[in-house]
Amino acid sequence: MSLLRWQFDLTWSLADLHLSALTPADFRWEPGPLTWHVRRAGDGWTIDWADTEPDPVPVPTIAWITWHVGWWWSVALDHAHGRAPRERESVGWPGDENAVAWLRELAADWVGVLDRLSDPDAPAAFPWPAEAGLTVAHQAAWVNAELMKNAAEIGQLRLLRAAQATSG
């Protein structure tokens, strides 16, 4: 697990680099007419979602990506802590003022899981079915890969928004 922990630390440092640079306006920027976004709804947020991926796939906003990371990471942590995994609809977005702090809390919780992990070969049933026969080490590797992908998406959107602001 030391390699997976090292990889997580590297991945998180790259994610946090982009998260630290975000402004409130970055979260809500829509790069085109077809986006997945979070939208104000009363005292909370409505999250765009489709159970079957549409064609074409909407471009996610930074707000949506931060919610998405918070959702899958919360569920991964539920599994790691032996809690009943929450439903997607029950994971709200905390808003642009609190999204980065929320993800940092999840990262700290995940580090605790990795540091206490005694059996990386134990079975894990997330994000795949239990009958897949994959392990907690596979789950940790998946978290690293998913986080890297989402960090790259956030970074690319942040850079595109900045480039658009300077060119127009």
Side-chain angles (χ1 to χ4, degrees), residues 8-114 125-128 139-140 142-168:
F8 173 77
D9 290 342
L10 173 65
T11 301
W12 178 249
S13 70
L14 296 171
D16 200 45
L17 176 77
H18 289 302
L19 293 172
S20 296
L22 293 176
T23 67
D26 290 332
F27 286 94
R28 308 276 179 78
W29 179 66
E30 296 186 55
L34 181 62
T35 62
W36 271 348
H37 203 11
V38 297
R39 303 174 200 294
R40 185 62 83 179
D43 61 351
W45 301 90
T46 298
I47 312 297
D48 290 341
W49 185 262
D51 288 326
T52 303
E53 194 167 273
D55 183 21
V57 177
V59 177
T61 63
I62 291 174
W64 191 92
I65 296 168
T66 58
W67 164 79
H68 178 70
V69 172
W71 163 58
W72 64 252
W73 218 346
S74 294
V75 175
L77 285 161
D78 288 343
H79 282 274
H81 290 302
R83 301 184 297 242
R86 61 196 89 185
E87 297 296 323
R88 175 184 45 81
E89 299 83 2
S90 70
V91 179
W93 187 62
D96 30 298
E97 304 85 12
N98 300 310
V100 172
W102 178 44
L103 296 179
R104 286 179 176 149
E105 288 171 13
L106 293 171
D109 193 0
W110 187 250
V111 165
V113 166
L114 294 176
F126 180 79
W128 41 79
Q139 182 186 48
W142 175 82
V143 166
N144 290 344
E146 187 71 12
L147 182 61
M148 179 63 76
K149 175 187 75 78
N150 291 146
E153 291 168 335
I154 290 169
Q156 189 66 37
L157 287 168
R158 187 175 68 80
L159 295 172
L160 283 171
R161 182 173 183 274
Q164 185 181 57
T166 59
S167 67

A.B. asks: Which heavy atom of A140 sits nearest a heavy atom of W110, and at what distance?
C.D. replies: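 Looks like CA-CZ2, 3.9 Å.
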A.B. asks: Between E146 and H68, what is the shortest heavy-atom contact and its length?
C.D. replies: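 Minimum heavy-atom contact is OE2-NE2, 3.4 Å.
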A.B. asks: What's the spacing between I62 CD1 and R28 CZ if we round to 0.5 Å?
C.D. replies: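 Nearest 0.5 Å value for the CD1-CZ distance: 12.0 Å.
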A.B. asks: Are the side chains of V143 and F126 in touch, meaning some heavy atoms are under 4.5 Å apart?
C.D. replies: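 A side-chain contact under 4.5 Å is absent here.
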A.B. asks: Kindly determine whether L157 and I154 satisfy side-chain contact (heavy atoms from CB on, under 4.5 Å), including the steps that lead there.
C.D. replies: CA-CA 5 Å; L157 287 168; I154 290 169; 6.0 Å; no
A.B. asks: Contact between L160 and P31 at the side-chain level, heavy atoms closer than 4.5 Å - yes or no?
C.D. replies: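 SC-SC contact between L160 and P31 ruled out.
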A.B. asks: Are D48 and R39 side-chain neighbours, meaning at least one heavy-atom pair lies under 4.5 Å?
C.D. replies: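 SC-SC contact between D48 and R39 confirmed.
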A.B. asks: Looking at every non-hydrogen atom in both residues, tell me the closest pair between T35 and T61 and how far apart they are.
C.D. replies: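 Closest heavy-atom pair between T35 and T61: CB-CG2, 4.1 Å.
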A.B. asks: Are N150 and H18 close enough that some pair of their side-chain heavy atoms sits under 4.5 Å apart?
C.D. replies: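 Heavy-atom side-chain distance check fails, nothing below 4.5 Å.
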A.B. asks: Working to the nearest 0.5 angstrom, can you tell me the gap between W12 CH2 and M148 CE?
C.D. replies: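 Here the rounded value is 12.0 Å.
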A.B. asks: Looking at CG of L77 and CG of D109, how far apart are the two atoms once the value is rounded to the nearest 0.5 Å?
C.D. replies: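 Spacing of CG (L77) from CG (D109) equals 4.5 Å.
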A.B. asks: Do you see a donor-acceptor pair shorter than 3.5 Å between the side chains of R104 and S20?
C.D. replies: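 Yes, a side-chain donor-acceptor pair sits under 3.5 Å.
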A.B. asks: Does any non-hydrogen side-chain atom of L106 lie less than 4.5 Å from one of W72?
C.D. replies: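 Contact flag for W72/L106 side chains = no.
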A.B. asks: Any idea which heavy atoms bring R86 and D78 closest together, and the distance?
C.D. replies: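 The answer is NH2-OD1, 2.6 Å.
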A.B. asks: Using 0.5 Å steps for rounding, measure from the OG1 atom of T66 to the CG atom of L22.
C.D. replies: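 Output value for this atom pair is 8.0 Å.
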A.B. asks: May I ask you to check whether D26 and T23 show a side-chain donor-acceptor distance below 3.5 Å?
C.D. replies: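 A donor-acceptor contact under 3.5 Å links the two side chains.
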A.B. asks: Yes or no on side-chain contact (heavy atoms from CB on, under 4.5 Å) for E105 and N98, after CA distance, side-chain angles and deciding distance?
C.D. replies: CA-CA 11 Å; E105 288 171 13; N98 300 310; over 6 Å; no
A.B. asks: What is the ring orientation for W64 with W49, classed by angle as parallel under 30°, tilted 30 to 60°, or perpendicular over 60°?
C.D. replies: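 Aromatic pair W64/W49 classed parallel.
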A.B. asks: Rounded to the nearest 0.5 Å, how far apart are CZ of F27 and NE2 of H37?
C.D. replies: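 Between atom CZ of F27 and atom NE2 of H37 there are 11.0 Å.
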A.B. asks: Ignoring hydrogens and geometry, is there a side-chain-to-backbone donor-acceptor pair from W67 to V91 under 3.5 Å?
C.D. replies: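 Answer holds: yes.
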A.B. asks: Does CD belonging to E87 count more than 12 external heavy atoms closer than 6.0 Å?
C.D. replies: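 Counting neighbours around CD of E87, 12 or fewer heavy atoms of other residues, nucleotides or ligands fall under 6.0 Å, so no.
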A.B. asks: Would you name the heavy atoms of W102 and G70 that are closest together and state the gap between them?
C.D. replies: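 That closest heavy-atom pairing would be CH2-CA, 3.2 Å.
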A.B. asks: To check you understand the geometry: which heavy-atom pair defines the closest contact between A25 and R161, and what is its length?
C.D. replies: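 Smallest interatomic distance, heavy atoms only, reads CB-NH2, 3.2 Å.
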A.B. asks: Hey, could you give me the CG/CG distance between L147 and L10, rounded to the nearest 0.5 Å?
C.D. replies: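 Here the rounded value is 10.5 Å.
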A.B. asks: Are V100 and L103 close enough that some pair of their side-chain heavy atoms sits under 4.5 Å apart?
C.D. replies: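 Not touching, per the 4.5 Å side-chain cut-off.
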A.B. asks: For the residue pair W93 and W45, categorise the inter-ring angle as parallel (less than 30°), tilted (30 to 60°) or perpendicular (more than 60°).
C.D. replies: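 Plane angle over 60°, so perpendicular.
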